[in-house]
Amino acid sequence: MAKINFGGTEENVVTREEFPLSKALETLKNDTIAVIGYGVQGPGQSLNLKDNGFHVIVGQRKNSKSWDKAVADGWIPGETLFEMEEAAEKGTIIQYLLSDAGQISAWPLIKKHLTPGKALYFSHGFGITYKERTGIIPPADVDVILIAPKGSGTSLRRMFLQGRGVNSSYAIFQDATGKAMERVIALGIGVGSGYLFETTFQKEVYSDLTGERGTLMGAIQGLFAAQYDTLRAHGHTPSEAFNETVEELTQSLMPLIAENGMDWMYANCSTTAQRGALDWWEKFRDAAKPVFEELYQEVACGNEAQRSINANSRPDYREKLDSELKAMRDSEMWQAGSIVRKLRPENN
Ligand SMILES: NC(=O)C1=CN([C@@H]2O[C@H](COP(=O)(O)OP(=O)(O)OC[C@H]3O[C@@H](n4cnc5c(N)ncnc54)[C@H](O)[C@@H]3O)[C@@H](O)[C@H]2O)C=CC1
Ligand SMILES: CC(=O)[C@](C)(O)C(=O)O
Ligand SMILES: [Mg+2]
Ligand SMILES: [Mg+2]
C-alpha cells in the first residue's frame with residue numbers, strides 16, 4: 001500500500017505496480033465473477049474483466065433491451081449469459097450492478113445465493129449505507145466490498161480500449177474470509193483502474209451523491225442556464241450565448257484544466273480574462289456554498305436517497321426520466337448546442 005500526499009494530506013492508495021494484473025489473475029483464478037445487471041456499469045466492467053482474462057458471466061433479465069445488448073456484445077446465452085438468479089448461483093463473486101432501486105427489488109433473489117465465502121461487490125455505497133431504506137443486509141459470512149469507478153461505465157470501457165483507464169475508490173464493509181482486501185484490489189485492477197483510493201461505503205455514497213447533484217451534473221447545468229439566460233435576456237443571439245457558456249468551456253478550456261490545473265488554464269487566457277476571473281470567482285463560491293451545504297445535509301440524512309428510491313421504483317420511472325431529459329434537450333440552450341456541435345470545424 002502506497003502513501004501518497006495529496007496537497008498536504010497522506011492517503012492510502014493501491015497502485016498497479018504493487019498489484020499487477022498477473023497478481024490479480026492469480027488471486028481470482030478459482031473465482032467466477034457474476035456481473036448482475038447490464039446497464040451502464042455492467043457492460044464496462046464485465047467486458048474489461050473478460051478482456052483482462054478473468055472468468056466472467058453476466059446475469060440479466062431475459063426479454064430486455066439490456067439482454068439483447070449483452071448478446072450483441074458477445075455474451076453467449078447459456079454459457080456466459082444467464083438469468084440473474086442463475087448467474088448469482090454460479091458466481092463466487094457477485095457484482096451487484098443493477099440500478100440502485102433495482103438492487104432493492106432483486107435483493108431477495110440474490111440473497112438466496114450468498115452462500116458462505118462468496119463476495120458481494122457494489123460500485124456504490126448506496127445499498128449498504130442506507131440499509132434501513134433498502135433492506136440490503138448481507139449475511140455475515142460473505143465478503144462485502146466496493147469498487148466505485150470515478151466515471152461513467154461508458155468512459156470505463158472507452159478509456160480501457162484506448163489503453164487508458166479510470167481510477168476507482170475501494171472499500172471493505174465486511175471481511176468474512178480474511179481475503180476481502182486482496183479480492184477487492186484484484187477486482188479494481190481487473191476493471192481497468194490504475195490507482196485505487198481508499199474509502200468507506202458511507203464516504204463513497206455521500207461524496208458521490210453530492211458530486212453528481214453538484215458540480216458534475218446538477219450545479220453545472222444550473223450555472224450554464226443562469227449565464228445563458230442572462231446573455232439572452234440582454235439581446236445576445238443563441239449561438240453567441242451558447243459559445244460563451246458551454247462550447248468554449250468544453251472544447252477549449254476544460255481540456256486545459258484537465259491537463260495542468262486551473263491556474264494554468266488562466267495563464268493561457270488573456271490578462272484581461274485573468275483579472276476578471278480572479279476578481280469574480282470568490283463571489284460565485286460564496287453564492288453557491290449555502291446550496292452545497294444544504295445538498296450535503298440532504299444526502300447525509302438520507303432524504304436524497306429516499307427521493308431517488310421512490311422515483312426510481314415506480315413502474316413508469318423510465319418514461320418519466322426520458323420525458324425530463326427530452327425537455328432539457330428541447331430547451332433553447334441545448335437546441336442551439338446541437339447546431340453549434342455540428343459546426344465544429346472537424347465536422348465539416
Ligand atoms: N452509471 C454509471 O456509470 C455509474 C454507476 N454506478 C453505480 O453502479 C451501479 C449500477 O448502475 P448503472 O449501471 O447506472 O445501472 P442502470 O441504471 O444502467 O441499471 C442496470 C441494470 O439494472 C436493470 N434493472 C433496473 N431495475 C431492475 C429491477 N427492478 N430488476 C431487475 N433489473 C433491473 C436494468 O435493466 C439495467 O440493465 C449503481 O449502484 C450505480 O450507482 C457507479 C459509478 C458510475
Ligand atoms: C458516473 C458517476 O460516477 C455518477 C455520476 O456518480 C453516476 O452515474 O452515478
Ligand atoms: Mg460517481
Ligand atoms: Mg453516482
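All figures in this text were calculated on a predicted structure; none of them were measured in a lab. Just so you know, ligand 1 is whichever comes first in the structure, and atom 1 is the first atom listed for that ligand.
- When each of Lys62, Lys111, Lys112, Arg61 is checked for a salt bridge (charged side-chain N to carboxylate O under 4.0 Å, His left out) with Glu85, only Lys112 meets the rule.
- In this structure, the protein non-hydrogen atom closest to atom 43 (C) of ligand 1 is Gln41 NE2, 3.7 Å.
- Nearest to the Mg ion (ligand 4), among the N, O or S atoms that Asp208 has, is OD2.
- The closest side-chain donor-acceptor pair between Asp100 and Tyr130, if any, does not fall under 3.5 angstrom.
- Here the heavy atom of the protein found nearest to atom 33 (C) of ligand 1 is Arg61 NH2, 3.3 Å.
- A donor and an acceptor atom, one from each side chain of Ser169 and Thr199, are nowhere located under 3.5 Å apart.
- Contacts with ligand 1 closer than 4.0 Å are made by no heavy atom of Lys65, backbone or side chain.
- Side-chain contact check for Thr245 and Gln227: at least one donor-acceptor pair (N or O, by modelled atom type) lies under 3.5 Å.
- Atom 37 (O) of ligand 1 has as its closest protein heavy atom Ser66 OG, 2.9 Å.
- Only the side chain of Ser105 comes within 4.0 Å of ligand 1, counting heavy atoms alone; its backbone N, CA, C and O stay farther away.
- Between atom 11 (O) of ligand 1 and the options Asp100, Leu98, Val166, the minimum heavy-atom separation is to Leu98.
- Per residue Glu212, closest N, O or S atom to the Mg ion (ligand 4): atom name OE1.
- In this structure, Met84 is part of the shell of residues with a heavy atom less than 4.0 angstrom from ligand 1.
- Side-chain atoms of Glu247 and Gln251 form no donor-acceptor pair, as typed in the model, at a separation below 3.5 Å.
- Per-residue contacts place Gln60 under 4.0 angstrom from the following atoms of ligand 1 (heavy atoms of the residue considered): 35 (O), 37 (O).
- Polar contact with ligand 1: absent for Arg318 (N/O pair, distance under 3.5 Å).
- Nearest protein heavy-atom neighbour of atom 7 (C) of ligand 2: Glu212 OE1, 3.4 Å.
- Numbered from 1 in the order shown, with element, the atoms of ligand 1 that lie under 4.0 Å from a heavy atom of His124 read 39 (O), 41 (O).
- Each of the atoms 1 (C) of ligand 2 lies under 4.0 Å from some heavy atom of Ser152.
- Applying the 4.0 Å criterion to heavy atoms of Gly151 picks out, from ligand 1, the atoms 3 (O), 44 (C).
- Looking at every heavy atom in both residues, Ala180 comes nearest to Gln174 through CB-O, 4.1 Å.
- Ligand 1 lies out of reach of Ala148, whose nearest heavy atom is not under 4.0 Å from it.
- The protein non-hydrogen atom at the shortest distance from atom 14 (O) of ligand 1 is Val40 CB, 3.9 Å.
- In this pair, Tyr206 and Tyr296 present their aromatic rings perpendicular. The plane angle is above 60°, beyond the 30 to 60° band.
- Atom 3 (O) of ligand 2 has as its closest protein heavy atom Asp208 OD1, 3.9 Å.
- The main-chain N or O of Asn12 is never found under 3.5 Å from a side-chain atom of Glu198 such that the two would form a donor-acceptor pair.
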**Report entry** Residue pair Asp322, Lys326: steps toward the salt bridge (charged side-chain N to carboxylate O under 4.0 Å, His left out) verdict
**Finding:** CA-CA 6 Å; Asp322 287 347; Lys326 183 171 186 307; over 6 Å; no

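- Under the 3.5 Å distance criterion, the side-chain polar atoms of Asn5 are left unmatched by any main-chain donor or acceptor of Glu10.
- Every atom of ligand 2 with a heavy atom of Gly151 under 4.0 Å away is listed here by number and element: 1 (C).
- Remark: minimum distance from atom 26 (N) of ligand 1 to any protein heavy atom is reached at Gly102 CA, 3.4 Å.
- The two atoms that bring Gly151 and Gln41 nearest to each other are O-NE2, 3.2 Å, heavy atoms only.
- Ranking protein heavy atoms by distance to atom 7 (C) of ligand 1, first place goes to Ser123 O, 3.9 Å.
- For atom 19 (O) of ligand 1, the candidate residues are Ser99, Ser155, Gly125, Gly42; the nearest heavy-atom contact is made by Ser99.
- The shortest non-hydrogen separation linking Glu18 to Val13 is OE2-O, 3.6 Å.
- By the 6.0 Å contact criterion, NZ on Lys150 is enclosed, its count of non-hydrogen atoms from other residues, nucleotides or ligands being greater than 12.
- At least one heavy atom of Tyr38 lies less than 4.0 angstrom from ligand 1.
- Which parts of ligand 1 touch Gly39 is read off a 4.0 Å heavy-atom cut-off, strictly below it: atoms 18 (O), 20 (C), 21 (C), 36 (C), 37 (O).
- The structure places CD1 of Ile94 at 10.0 Å from CZ of Phe122, a figure rounded to the nearest 0.5 Å.
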